[in-house]
Amino acid sequence: MTLPEKPALEGLEAKWGLRWEEAAVYRFDRAKTRAEIYSIDTPPPTVSGSLHVGHVFSYTHTDLVARFHRMRGQEVFYPMGWDDNGLPTERRVQNYYGVRCDPSLPYDPAFVPPEQQSKPPISVSRPNFIELCARLTAEDEKAFERLWKYLGLSVDWSMTYATIGRRSQQVSQLAFLRLLRRGLAYQVEAPTLWDVDFRTAVAQAELEDRETPGAFHKIAFRVPDGGAARDFGRSSVEIETTRPELIPACVALVAHPDDARYKPLFGRDVETPLFGVRVPVKAHALADPEKGSGIAMICTFGDITDVTWWRELSLPIRAVIQMDGTLRRVSWGSPGWESTDPDRAQRFYDDLARLSAAKARAKIVEQLRASGSLQGDPRPITHVVKFYEKGDRPLEIVSSRQWFIKTMEFRDALIERGRELQWHPAYMRIRYENWVNGLTGDWCISRQRFFGVPFPVWYPIDDLGRIDHARPIPAADDRLPIDPSTEVPPGYRPDQRGVPGGFAGDPDVMDTWATSSLTPQIVCGWPDDVDLFARTFPTDLRPQAHDIIRTWLFTSVLRAHFENGSLPWRNAALSGFILDPDRKKMSKSKGNVITPMALLEEHGSDGVRYWAASGRPGADTAFDTNQMRVGRRLAIKILNASKFALSSSDVKAAITVPVDRAMIRSLAGLVDESTGAFEEYDYTRVLQRTESFFWRFCDDYLELVKGRRYGEQGAQGQGSANAALTAALSVLLRVFAPFLPYVTEEVWSWWQEGSIHRAAWPTATELVRLLEDNSEPTRQLDERAYRWATDVLFEVRKQRSEAKQPLKVPITGVAVTAHDTTLALMPIVEADLRAALRVQKFETAVGDPQAIIVRGYEGASQ
RNA sequence: GGGCGCUUAGCUCAGUUGGUUAGAGCGCGUGCUUCACACGCACGAGGUCGAAGGUUCGAGUCCUUCAGCGCCCACCA
């Protein structure tokens with residue numbers, strides 16, 4: 001064995017990264033049985049820029065668990081995916097190349113993107129657009145892979161997937177068609193949450209509340225002369241609204257059934273201001289008498305409550321907001337737009353048409369004020385408005401045709417699935433249940449976007465040129481994946497696209513979660529690789545962040561429930577967020593400033609992993625470079641202590657010295673505790689306990705055996721020390737290996753064959769087996785001797801420190817007064833203590849209280 | 001409004017089923033070039049465990065109430 005003169009961490013990432021790859025240390029062997037395999041449904045990070053420290057944090061957690069199970073002898077199925085599907089990529093491609101997707105264009109195989117960003121944007125077909133997305137994401141994916149490898153993720157890099165890849169598309173489309181056949185996916189025209197900038201539907205799970213400034217406008221509706229006015233006692237009723245521009249879309253007013261103020265109006269009509277539309281006053285329990293004036297305007301549609309009221313009160317639709325967020329043109333007096341004065345309505349409305357909601361609001365306020373319908377000034381407020389999480393303008397609700405997957409009628413079954421799942425930490429299950437219980441509608445999975453998985457269906461066009469959405473033509477299962485915008489349905493010719501009697505492709509793509517929800521099926525080989533699927537599914541682990549329980553976790557459970565009749569995995573491990581040092585969630589912009597690669601280079605991958613491992617499952621953790629420094633120092637300490645432990649270790653004998661035996665038994669206890677904690681996904685505890693053991697091991701044990709292991713007490717004592725040292729080092733390195741893969745591998749290579757990461761996880765048995773005498777009396781004696789030795793060590797160090805004497809001033813003697821049972825331990829440890837402390841001699845005397853007095857310093861000046 | 005989590009030394013956090021004087025690291029202070037390590041070593045000073053009640057022989061640990069912080073969810077016109 002040759003030990004390095006000056007061991008260092010620098011360069012270990014490059015050195016071992018290469019060797020691990022050459023030796024295929026993390027290669028998955030699919031010949032193993034299901035029981036021998038530990039499979040992981042890896043979260044595919046979004047490929048739309050760069051990874052940030054939060055990724056490094058949570059992906060390390062997964063790797064810790066993967067490495068533990070690998071060392072326990074399981075074959076770890078640990079692929080890596082890239083989520084390159086979806087809007088973020090589209091936006092990047094549009095800006096990067098200066099192109100725009102036009103799904104109506106045919107594919108141009110000769111298309112080459114412009115060198116310079118083109119203005120105005122060039123229109124390209126969907127397949128061409130997707131090619132550009134793929135080109136751009138491929139570069140990012142290479143950079144991601146480099147970072148993950150440098151961090152030391154023990155992924156099998158021959159198994160990668162992309163959510164826009166062929167296989168992901170095939171799985172998404174097939175799973176969709178199978179749901180369609182079973183009636184679990186359906187299409188309907190209905191009010192849908194809509195982002196006016198992206199011009200796409202969005203799902204409930206993608207909503208975000210944002211505090212937004214607005215204003216209450218108090219607006220009078222006329223109560224027509226006659227019975228209503230007489231019973232109500234007034235000729236107008238005031239509502240308060242933040243969205244006066246929706247008055248033309250008003251279909252009713254609503255108040256609480258018990259609200260005496262408005263009871264006289266229930267069942268009667270009032271007239272909208274400006275437009276003179278007669279709308280009924282309805283009663284509904286959702287109306288809150290405390291809110292505003294207690295009576296609300298129902299519009300189609302201002303918010304989700306409007307949809308509820310509209311549905312439950314069977315109101316008509318009078319929609320004004322279009323898909324681009326502007327007000328549509330309306331011809332007043334036509335069916336559905338009846339007015340008591342159509343000409344007047346038209347005059348007012350023509351000033352609003354084609355304006356955005358915000359501009360129309362300003363305009364209508366002028367009109368209302370001029371006509372006297374606005375009571376007082378608008379009252380500014382801050383209220384919570386729903387946004388698409390990636391959007392910039394408040395969501396609208398527009399009526400459109402969308403695909404849905406049924407969820408509402410399966411809520412009980414989904415709750416039950418949640419209870420079958422092992423959650424780490426357990427309380428995260430509650431969030432899942434809250435979400436499932438709070439669902440208000442089925443899952444809308446269609447998006448009016450381009451870079452996504454297309455719906456594999458076409459529709460017949462009748463002789464009048466109308467698309468028949470009721471009779472979708474599904475693609476054949478064995479032809480998937482297909483793109484209906486370029487491929488032709490069975491029985492049709494290409495020239496029949498878009499013509500009467502021909503066909504039309506479904507123009508939409510699936511929500512990115514409609515693909516991501518199938519990652520367990522995608523990675524495990526469903527449906528073609530039956531063999532792999534049987535060996536890996538359901539996976540053992542789904543690691544993910546807790547903020548996407550409602551999206552990724554929930555939808556994955558749903559899909560597996562439908563497709564496989566089971567959970568997709570057995571365990572879900574939820575990682576927390578990274579917080580700024582001031583304990584706020586680290587913002588994206590801030591997180592991106594600190595590039596992960598720079599962190600890894602500065603603190604070493606082991607150092608950064610050490611910090612990441614300090615974040616317990618589910619716990620939000622502060623970004624703390626100090627912890628990375630501590631981790632780095634630990635790695636350096638391991639190098640140096642190992643060098644010491646292994647030097648001149650050729651003299652070996654049985655472990656017969658009490659101090660050595662006590663250390664070995666204590667380490668056996670650590671191994672048991674670590675194994676149990678790791679099995680419970682409590683990696684943080686393992687690291688903490690091991691680290692704490694290790695420092696005491698260095699400070700006390702290594703000091704105690706220093707002289708003996710150099711042969712000062714003969715071959716027997718030296719052999720015992722060496723045997724204990726190498727055994728302890730071997731075990732400690734293996735427990736540290738999941739956390740600090742580089743430094744442990746480096747030290748392992750000094751004297752062991754093969755990779756530590758394929759070495760067996762240590763057991764208490766392998767340690768205790770080394771002790772020839774493990775009887776109870778011996779154990780007690782060993783432990784007392786060890787504790788006594790460390791007590792003396794501590795006391796002498798303390799007096800030396802207080803004396804502030806340089807080391808060259810010798811300690812001539814140490815006078816020890818203690819019980820005879822304690823003094824009886826002295827012969828066992830005295831030689832070790834003399835060497836460790838450089839004490840010339842110990843003088844003992846029986847007595848009480850116990851005292852340890854260092855001779856040589858007692859008169860020293862302070 | 002409902003739910004979950006957190007609150008222990010200046011900072012970041014441990015404290016497993018309630019059991020002797022509450023722990024670690026960082027930071028701080030003092031001293032020491034000791035033959036594995038100055039990217040080091042030794043020693044030290046720091047806390048009435050968010051508040052108030054309660055259960056108990058005994059509570060940081062269990063119960064109740066309250067406060068602050070964070071997060072998730074919800075139909076606030």
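So that the names make sense, note that chain A is the first sequence line, chain B the second, and so on, each numbered from 1. Atom set for the values below is all heavy atoms of this structure, side chains included, hydrogens, waters and symmetry mates excluded.
- A:Gln850 and A:Asp791 share no donor-acceptor pair across their side chains, judged by distance under 3.5 Å alone.
- Rounded to a whole Å, the CG atom of A:Asp699 is 12 Å from the P atom of B:G40.
- For the residue pair A:His217 / A:Thr241, no side-chain donor-acceptor distance below 3.5 Å is found, with atom types taken as modelled.
- Residue A:Arg243 places none of its side-chain N or O atoms closer than 4.0 Å to OP1 or OP2 of B:A77.
- Listed nucleotides B:A77, B:C71, B:G15 differ in distance to A:Thr242; the shortest reach to its side chain belongs to B:A77.
- Between A:Phe693 atom CZ and B:G23 atom C1' the separation is 18 Å, expressed in whole Å.
- For the pair A:Gln627 CD and B:A14 P, the interatomic distance rounds to 11 Å; values are reported in whole Å.
- Under 4.0 angstrom from either OP1 or OP2 of B:C41 there lies no side-chain N or O belonging to A:Arg797.
- Under a cutoff of 6.0 Å and an axis angle of 45°, A:Arg709 and A:Phe644 form a cation-pi pair.
- A gap of 10 Å separates the C1' atoms of B:C76 and B:G1, to the nearest Å.
- With both ends at atom P, the span from B:C26 to B:U20 equals 27 Å, rounded to whole Å.
- Between A:Glu703 atom CD and B:C37 atom P there is a gap of 11 Å when expressed in whole angstrom units.
- Distance alone, capped at 3.5 Å, is enough to place a donor-acceptor pair between the A:Gln799 side chain and the A:Ile852 backbone.
- Remark: A:Lys6 is in phosphate contact with B:A38, judged by side-chain N or O atoms under 4.0 Å from OP1 or OP2.
- With both pairing distances under 3.5 Å, B:G5 is matched to B:C69 as a Watson-Crick or G-U wobble pair.
- In textbook terms, a nucleotide whose glycosidic angle is within 90° of 0 is syn, and B:G46 is one such case.
- One cannot find a donor-acceptor pair under 3.5 Å joining the base of B:C43 and the side-chain atoms of A:Lys798.
- Judged by the 6.0 Å and 45° rule, A:Arg431 forms no cation-pi pair with A:Trp423.
- The nearest whole Å value for the distance from the CD atom in A:Gln688 to the C1' atom in B:C13 is 7 Å.
- Residue contacts for A:Thr308: at a heavy-atom cut-off of 4.0 Å it reaches no nucleic acid atom on any strand shown.
- In a base pair of the Watson-Crick type (N1 to N3 plus N6-O4 or O6-N4) or a G-U wobble (N1-O2 and O6-N3), with each distance short of 3.5 Å, B:A14 is matched with no nucleotide.
- Each of B:C32, B:G5, B:C26 was ranked by its minimum atom distance to the side chain of A:Pro806; first place goes to B:C32.
- Among B:A36, B:C72, B:A77, the nucleotide with an atom closest to any side-chain atom of A:His383 is B:A77.
- Of the candidate nucleotides B:U34, B:G31, B:C26, B:U34 has the atom lying nearest to any side-chain atom of A:Leu807.
- Taking atom P in both B:A22 and B:C28, one finds a spacing of 27 Å when rounded to whole Å.
- Taking the C1' atoms as reference points, B:C62 lies 10 Å from B:U56, given to the whole Å.
- Between B:G70, B:C73, B:G40, one nucleotide has an atom nearer to the side chain of A:Arg550 than all others, and that is B:C73.
- With hydrogens and angles left out, the side-chain atoms of A:Glu238 and A:Ser236 include a donor and acceptor closer than 3.5 Å.
- Here the P atom of nucleotide B:C41 and the CG atom of A:Asp700 are 12 Å apart, to the nearest Å.
- The nucleotide whose nearest atom lies closest to any side-chain atom of A:Ile430 is, among B:U16, B:C73, B:C4, B:C4.
- Look at A:Tyr610 and you won't find any side-chain N or O under 4.0 angstrom from OP1 or OP2 of B:U12.
- For A:Ser801, whose side chain is taken as the heavy atoms from C-beta onward, the closest listed nucleotide among B:C43, B:A77, B:C39 is B:C43.
- When the C1' atom is used for both B:C4 and B:G44, the distance is 42 Å, rounded to whole Å.
- Across all strands, A:Ala287 comes closer than 4.0 Å to base atoms (heavy-atom distances).
- One interatomic measurement links the two molecules: CG of A:Asn434 to P of B:G1, which rounds to 17 Å at whole-angstrom precision.
- Residue contacts for A:Thr440: at a heavy-atom cut-off of 4.0 Å it reaches the sugar-phosphate backbone alone, with no base atom in range.
- Between B:C43 and B:U7, the distance separating the two P atoms is 30 Å to the nearest Å.
- Using a 4.0 Å cut-off between a side-chain N of Lys or Arg and a carboxylate O of Asp or Glu, A:Glu691 and A:Arg689 do not qualify as a salt bridge.
- Each of A:Asp624 and A:Gly294 lies near RNA chain B, and the nucleotide nearest A:Asp624 is the one positioned closer to the 5' end.
- Within the nucleic acid shown, A:Trp309 comes within 4.0 Å of at least one base atom, counting heavy atoms only.
- Judged by distance alone, the side chains of A:Arg629 and A:Gln627 never bring a donor and an acceptor atom under 3.5 Å apart.
- Classification of A:Arg797 and A:Asp700 as a salt-bridged pair holds, one side-chain N sitting under 4.0 Å from a carboxylate O.
- With distances taken from any side-chain atom of A:Cys698 to the nucleotides B:C26, B:A36, B:A77, the minimum falls on B:A36.
- Of the nucleotides present, none pairs with B:U56 by Watson-Crick or G-U wobble criteria with both distances under 3.5 Å.
- Both A:Ser692 and A:Ser614 lie near RNA chain B, and the one whose nearest nucleotide falls closer to the 5' end is A:Ser614.
- Taking 4.0 angstrom as the limit, A:Arg616 places a side-chain polar atom (N or O) nearer than this to OP1 or OP2 of B:G15.
- Residue A:Lys637 has a polar side-chain atom (N or O) positioned under 4.0 Å from OP1 or OP2 of B:C41.
- One P atom belongs to B:G23, the other to B:G47, and the distance between them is 14 Å to the nearest Å.
- Atoms CZ (A:Arg632) and C1' (B:C37) sit 14 Å apart, rounded to a whole Å.
- OP1 and OP2 of B:C71 both lie 4.0 Å or more from every side-chain N or O belonging to A:His546.
- Base-pair partner of B:A42: B:U30 (Watson-Crick or G-U wobble, both distances under 3.5 Å).
- The same atom, C1', is picked in B:A51 and in B:C6; the two are 16 Å apart, to the nearest Å.
- In this model, the phosphate group of B:U16 is not approached by any side-chain N or O of A:Arg689 to a distance below 4.0 Å at OP1 or OP2.
- Of the nucleotides present, none pairs with B:U21 by Watson-Crick or G-U wobble criteria with both distances under 3.5 Å.
- Ranking B:U33, B:C26, B:U30 by closeness to the A:Lys804 side chain, first place goes to B:U30.
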